[in-house]
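Working notes, structure below.
Residue numbers count from 1 along this sequence. Keep in mind that the numbers below use all heavy atoms, side chains included, and drop hydrogens, waters and symmetry copies.
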Amino acid sequence: MSSNTSVSFQVARMELWPGAWTVLLLLLLLLLLLLPTLCVCSPSATYFFKMAFYNGWILFLAVLAIPVCAVRGRNVENMKILRLMLLHIKYLYGIRVEVRGAHHFPPSQPYVVVSNHQSSLDLLGMMEVLPGRCVPIAKRELLWAGSAGLACWLAGVIFIDRKRTGDAISVMSEVAQTLLAQDVRVWVFPEGTRNHSGSMLPFKRGAFHLAVQAQVPIVPIVMSSYQDFYCKKERRFTSGRCQVRVLPPVPTEGLTPDDVPELADKVRHSMLTVFREISTDGRGGGDYLKKPGGLAEARL
C-alpha cells in the first residue's frame with residue numbers, strides 16, 4: 001500500500017469519527033425527548049426510571065461521601081454524613097415523611113432498634129428518624145455494592161452473612177459488647193428480607209437475642225405501608241405520604257435467652273397493631289386494604 005493510500009485511509013477514518021459522535025448525540029437527545037412521553041404513557045416506564053435513578057443517585061452520593069468519611073476512617077459518626085446527604089431524596093420523589101413518637105428514643109444509652117422492612121425506600125424513613133450513633137445491621141452482600149458498600153463500611157454499618165449461622169451469631173456477640181463499650185445503637189430489620197405484601201413477616205430472633213444479651217432496651221419503629229404510592233408488583237411509583245411511628249422502648253433487663261421467643265412475639269404484635277392503624281388512617285398506605293386480599297394480608 002502506497003503512502004498516499006495509507007494517508008487517505010487514515011484521513012477517511014478520522015472523518016468518520018465526528019459522524020459517529022453526532023449519531024450518538026442525536027440518539028441521546030432522542031432518548032431524552034422520548035423519556036417524558038414514555039413516562040406519561042407508561043406507568044411501568046415511570047417505575048423503572050424512578051428506581052434506576054434512585055439507585056444510581058445513591059451510588060453517586062456515596063462517591064461524594066467516601067472521601068469525606070475516609071478522613072475519620074471507619075467510624076459510626078460518619079453515619080451523620082450519609083444521613084445529611086440522603087435526606088433530600090424524599091423531595092425528589094414527592095414523598096412526605098411524617099415522624100411521630102421520636103421522644104421515645106432513650107436519651108443516653110445503647111439500644112436496639114427494630115423496624116419493618118418493605119423495600120429499598122425504607123432508607124428514606126430511616127434517614128428521617130435515625131438517632132445519633134446508630135448504625136444498621138445489613139446483609140454482607142451490600143458490602144460489595146460498589147461505592148455504596150464502601151460508604152456503608154466507613155459509616156460503621158455492621159455486615160453479617162445470614163447464610164452462615166455460626167458467623168452471624170459470632171458477629172451478634174461482638175455487637176453486644178460494642179453496644180455497651182462504645183455507646184452504639186443498632187438498627188435491625190427482624191423480618192430478614194423485604195416484604196412487599198403490605199403486611200409484616202414473622203420476625204427472626206437475632207435482634208432480640210442481641211438486646212437480651214446486652215440487657216439494653218428494644219425500640220420498635222413502624223413505617224406505614226407504601227401501597228398507596230409504591231408497588232413493585234404493579235410497577236407503580238408515584239408521590240405520597242409515609243408515617244414513621246417510634247414506639248415506647250421495651251426493657252430487657254432480667255430477661256434470659258428463654259424469654260426471647262415471647263419477647264419477639266410481643267414486639268411484633270405491638271408493631272403490627274400500629275402498622276394497621278397508621279396504614280389505614282388516610283396518611284399512608286390505606287389503599288391496599290381496598291384491594292382483593294389486602295385485608296387478609298394485614299391480618300396475618
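- The minimum heavy-atom distance between Ala214 and Leu179, with the atom names listed, is CB-CD1, 4.0 Å.
- Leu61 places a side-chain heavy atom less than 4.5 Å from the side chain of His88.
- Note: the hydrophobic cluster containing Phe60 also contains Trp144 (ILVMFWY, side chain heavy atoms under 4.5 Å, direct or indirect links).
- Between Trp57 and Phe53, the ring-plane angle classifies as parallel under the 30° and 60° cut-offs.
- Across all non-hydrogen atoms, the minimal contact from Val216 to Pro110 is CB-O, 3.6 Å.
- Taking the side chain as every heavy atom from C-beta outward, Ile95 and Phe237 approach each other to under 4.5 Å.
- Evaluation of the salt bridge (charged side-chain N to carboxylate O under 4.0 Å, His left out) rule for Glu262 yields no partner, not counting sequence neighbours.
- Residues Leu142 and Cys152 have side chains in contact (heavy-atom distance under 4.5 Å, counting atoms from C-beta outward).
- Between the CG atom of Leu124 and the NZ atom of Lys90 there is a distance of 8.0 Å, given to the nearest 0.5 Å.
- A 4.5 Å side-chain heavy-atom check between Ile218 and Leu263 finds at least one atom pair inside the cut-off.
- Remark: the backbone N or O of Val212 is paired with a side-chain donor or acceptor of Gln215 at under 3.5 angstrom.
- Considering OG1 of Thr252 and NE2 of His209, their distance stands at 12.5 Å, rounded to 0.5 Å.
- No more than 12 heavy atoms of other residues, nucleotides or ligands sit less than 6.0 Å from atom NZ of Lys80.
- The heavy-atom pair separating Gln118 from Met223 by the smallest distance is NE2-O, 3.2 Å.
- Residues Phe275 and Arg245 have side chains not in contact (no heavy-atom distance under 4.5 Å, counting atoms from C-beta outward).
- Glu191 and Lys204 are not joined by a salt bridge, as no carboxylate oxygen comes within less than 4.0 angstrom of a charged side-chain nitrogen.
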- Decide side-chain contact (heavy atoms from CB on, under 4.5 Å) for Leu154 and Leu82; before the verdict, give the C-alpha distance in whole Å, the side-chain angles of both, and the deciding distance to 0.1 Å. CA-CA 10 Å; Leu154 286 169; Leu82 298 191; over 6 Å; no
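- Summarising the local packing, NE2 of His269 is surrounded by 12 or fewer heavy atoms from other residues, nucleotides or ligands at distances under 6.0 Å.
- Counting heavy atoms from C-beta outward, Met127 and Ile89 have side chains that stay 4.5 Å or more apart.
- Of the possible donor and acceptor atoms, none in the side chain of Arg96 sits under 3.5 Å from a partner among the backbone N and O of Ser239.
- For Asn78, the side chain to side chain donor-acceptor pair (under 3.5 Å) test picks out Arg72, with sequence neighbours left out.
- A donor-acceptor pair under 3.5 Å is absent between the side-chain atoms of Glu128 and the main chain of Val99, judged by distance alone.
- For Tyr226 against Ser119, the heavy-atom pair with the smallest separation is CE1-OG, 3.8 Å.
- Linking Ile, Leu, Val, Met, Phe, Trp and Tyr whenever their side-chain heavy atoms come within less than 4.5 Å leaves Leu123 and Val63 in two separate clusters.
- Put simply, the side chain of Ile137 reaches to within 4.5 Å of the side chain of Leu210, judged on heavy atoms.
- No path of Ile, Leu, Val, Met, Phe, Trp and Tyr side chains, each step under 4.5 Å between heavy atoms, connects Leu143 with Leu59, placing them in separate hydrophobic clusters.
- Between the OG atom of Ser44 and the CZ atom of Arg236 there is a distance of 11.0 Å, given to the nearest 0.5 Å.
- Not a single donor-acceptor pair under 3.5 Å links the side chain of Arg268 to the backbone N or O of Pro190.
- Between Phe105 and Pro131, the closest heavy-atom pair is CE2-CG, 3.9 Å.
- Here Phe203 contributes atom CZ and His117 contributes atom NE2; the two are 12.0 Å apart, rounded to the nearest 0.5 Å.
- Follow the hydrophobic side-chain contacts under 4.5 Å out from Phe229 and you reach Met51 in the same cluster.
- No donor-acceptor pair closer than 3.5 Å links the side chain of Tyr230 to the backbone N or O of Leu121.
- The shortest heavy-atom contact between Pro220 and Val267 is CG-CG1, 4.1 Å.
- The structure places SG of Cys69 at 9.0 Å from CE of Met79, a figure rounded to the nearest 0.5 Å.
- Between the Arg133 side chain and the Asp183 main chain, a donor and an acceptor come within less than 3.5 Å of each other.
- A donor-acceptor pair is defined here as one N or O able to donate and one able to accept, closer than 3.5 Å; such a pair exists between the side chain of Ser279 and the backbone of Ser225.
- Between the side chain of Arg185 and the main chain of Gly132, a donor-acceptor pair closer than 3.5 Å is present.
- In this structure, CG in Asp122 is found 8.5 Å from CH2 in Trp187, a value given to the nearest 0.5 Å.
- Partners of Phe48 under the ring-ring contact (aromatic ring centres under 6.0 Å, His included) rule, at least two apart in sequence or in another chain, do not exist in this structure.
- By the 4.5 Å heavy-atom criterion applied to side chains, Ile81 and Leu84 are not counted as neighbours.
- Panel note: side chain Arg205, backbone Pro261; no donor-acceptor pair is recorded below 3.5 Å.
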